[in-house]
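Quick note on labels: first sequence line is chain A, next is B, and so on, each numbered from 1. Computed from a prediction, not measured in an experiment: that's the story for all the values here. Only this structure's heavy atoms are used, side chains among them; waters, hydrogens and symmetry mates stay out.
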Amino acid sequence: MDNSTPIEATPLRTIKPHPTIIPSPIFDSGIIEAERESGNQDLVDSVLMRFDAVRRRLLQINYAKDVVIPASTICKNQGIKTNTKKRIGEVPGVQVGDIFYNWSEMYLVGLHLQTMAGIDYLRVENGVVGSPVSTSVVTSGHYNDKTEDVNSLIYTGHGGKDKNGQPRDQKLERGNLALVESNKIGNEVRVIRGKEDPDDKNKKIYIYDGLYFVSELWKEKGNTGCEEFKFGLMRKQGQPEGFEIWKSAENLWKHGLSNSRKGFILEDLSYGKEAIPVTLVNEVDENDKSTPPGFEYVISENNSNPMLDCVCVQRNEGKLPYHNNILVCRKPMVYECDFSCKNRVLQSGLKIQMEVFKTSNCGWGLRSWKPIRAGTFICEFSGVNKKKEEVEEDDDYLFDSSRIYNRFKWNYEPELLGEDAWKPVSEVFNLQSQVLISAKDSGNVGRFLNHSCSPNVFWQPTKCGINSESHVRIGFFAMKHIPPLTELTYDYGVSSVEKIGEDERLFKGKKNCLCGSMKCRGSFG
DNA sequence: GCGCAATCATACTA
DNA sequence: CTAGTATGATTGCG
């Protein structure tokens, strides 16, 4: 007999329920019902941007340990979502190769409309109730799936546990039944590949890999000795690369590269000036080993004014501008410390493994080996500070803050969090004087960022140190999540604009634009 | 209403 | 050190 005194089990961890957030009752998402059912590229971008902005803000105000669920609940309830109608095949505005940092993002743009289950399916189409048909599957590596091949995968059905968590045979129901039906009728099934985040082993990144067909199915005994369903999926031909790009990038960051790489030119274009090397490759013309001409690689020097007291919080209106080195909001000016505190992002230099690569028609470009989360610091625009009269006419490597830039919204909407809507953080730069930096003769990787009218990077004016006289530096940050080996681009702006109608404006840059985006203005610079 | 699910972020364990 | 696990709140669906 066990007659020892029973010991009260002490909980290992207590989680407080989320405090209630009451969004403003008059909040209007601006998304009309039809758009909510079926979206487009702009809506998908905007929904993802708004969700992540709320998520970052909740982190910044130390709202709760888990902020993904609260942020997505707010967006769901306030109508910040699109493609809510379940569909077979592609989702408008979601591209093969797009990456997601959690399931909520996939939910909000209609890619995978399940909160937890890995198989999504629809039962009713055009008002007719039929057999469930699968629409999308998410791989997560929990089921010993074979998921490394880029054109096929073996997916294990779900279920297989009783209510006590004990293993049992999987049943032919729900998602399993839907995948069997998809095998029968041969419909397209979206595949999302969950992979470990290379920068955080505890987290996953989800890569949309396009459309697949359920080509075969069978049953077999799994590790537990219980029956499992197995589904063989084959990738539809003729789609852009998705997971394949991820895999080649993974090769780079896991095994370094080396000289055996196609089009390899230089191990480190910075010649040791950056903390991590900047690779130089030319895959367009493998025999051309020439390097970018006529410039010296330099990084900006940090002015060293030791501080007595850290005043970062006060100078940044009560909150630190970065959370885990990710910018929370764009601001007229971000202030960083000199030495003593952690509030140093721009000053800490290049953190992402970059490569300068030859583009097909825009000269050299810049891209990252690893995926980049929205808000991540990319690099500074280093070069020589100039006065207006010092600028050379033919300077193609000039940063000019006085150009006209497309406005865009990136920050969170205070009304969503019940904050005062009349004092949102301004996203409009209010520079006291024009910032002109030339990277023509000397610069860092920032000089290799090309222009795009649909950019994935934006710039943020920053002052470092207590000296308010210190000059304005320009930091580049990721506007959205950027898949690995995707070219990084920002809006160069245009030097003049002509009004040609009531609402029509003609942008007149000095150069013809080749960005190829739907929203191309035709010129830049 | 109940039960389930290939979640999420984190503390703890080995 | 890190890889693995346990944890409780959570939500759409049948």
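Between A:Tyr206 atom OH and B:dA6 atom P there is a gap of 12 Å when expressed in whole angstrom units. Atom C1' of nucleotide B:dA9 and atom NE2 of A:His323 are separated by 12 Å, given to the nearest angstrom. Atom NZ in A:Lys65 sits roughly 15 Å away from atom P in C:dT10 (whole-Å rounding). Remark: C1' of C:dT10 and CG of A:Asp66 are 9 Å apart, rounded to the nearest angstrom. Distance CG (A:Asn77) to P (C:dT10): 13 Å, rounded to an integer number of Å. Nucleotide B:dC8 holds its P atom 11 Å from the CZ atom of A:Arg55, rounded to whole Å. Between A:Tyr155 atom OH and B:dA5 atom C1' there is a gap of 11 Å when expressed in whole angstrom units. A straight line from CD1 of A:Ile154 to C1' of B:dA6 spans 17 Å, rounded to a whole angstrom.
Counting only heavy atoms from C-beta outward, the side chains of A:Phe458 and A:Phe408 approach each other to under 4.5 Å. Contact check for A:Leu217 versus A:Phe229: no side-chain heavy atoms found under the 4.5 Å cut-off. Side-chain contact check for A:Phe377 versus A:Asn325: every heavy-atom pair is 4.5 Å or farther apart.
Comment: A:Lys219 does not engage A:Glu228 in a salt bridge, judged by the lack of any side-chain N to carboxylate O separation of less than 4.0 angstrom. Taking 4.0 Å as the cut-off between side-chain N and carboxylate O, A:Arg50 and A:Glu413 count as a salt-bridged pair.
A tilted orientation is assigned to the rings of A:Tyr101 and A:His481, their planes being inclined by 30° to 60°. Using cut-offs of 30° and 60° for the angle between ring planes, the A:Tyr490 and A:Phe476 rings count as tilted.
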Which atoms of nucleotides 11-14 of chain C (N or O only) lie under 3.5 Å from a protein N or O atom, and what are those distances?
residue: C:dT11; atom: OP1; partner: A:Thr73; partner atom: OG1; Å: 2.9
residue: C:dT11; atom: O2; partner: A:Thr115; partner atom: OG1; Å: 3.2

Requested in this report: Would you sort out whether A:Ser72 and A:Arg55 count as a side chain to side chain donor-acceptor pair (under 3.5 Å), showing the intermediate values?
Outcome: CA-CA 8 Å; A:Ser72 70; A:Arg55 191 193 65 87; over 6 Å; no

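The listed nucleotides are B:dC8, B:dA6, B:dT10; the one nearest the side chain of A:Thr156 is B:dA6. Of the candidates B:dA11, C:dA3, B:dA5, the closest approach to any side-chain atom of A:Lys201 belongs to C:dA3.
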Report task. Any chance you could encode DNA chain B as dot-bracket? Rule is Watson-Crick or G-U wobble with both distances under 3.5 Å; [ ] for pairs crossing earlier ones, | for another strand. Result -> .||||.||||||||

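The residue among A:Ala117 and A:Lys203 whose nearest nucleotide of DNA chain B lies closer to the 5′ end is A:Ala117. Comparing A:Asn202 and A:Gly118 by the nucleotide of DNA chain B whose heavy atom lies nearest to each, the residue mapping closer to the 5' end is A:Gly118.
Every side chain to side chain contact (heavy atoms under 4.5 Å, CB included) that A:Leu485 has, sequence neighbours left out, goes to A:Ile245, A:Ser248, A:Ala249, A:Leu252, A:Glu355, A:Arg367, A:Trp369.
For the pair A:His158 and B:dA5, the criterion of a side-chain N or O lying under 4.0 Å from OP1 or OP2 is not met.
A:Tyr101 comes within 4.0 angstrom of nothing in the nucleic acid, heavy atoms only.
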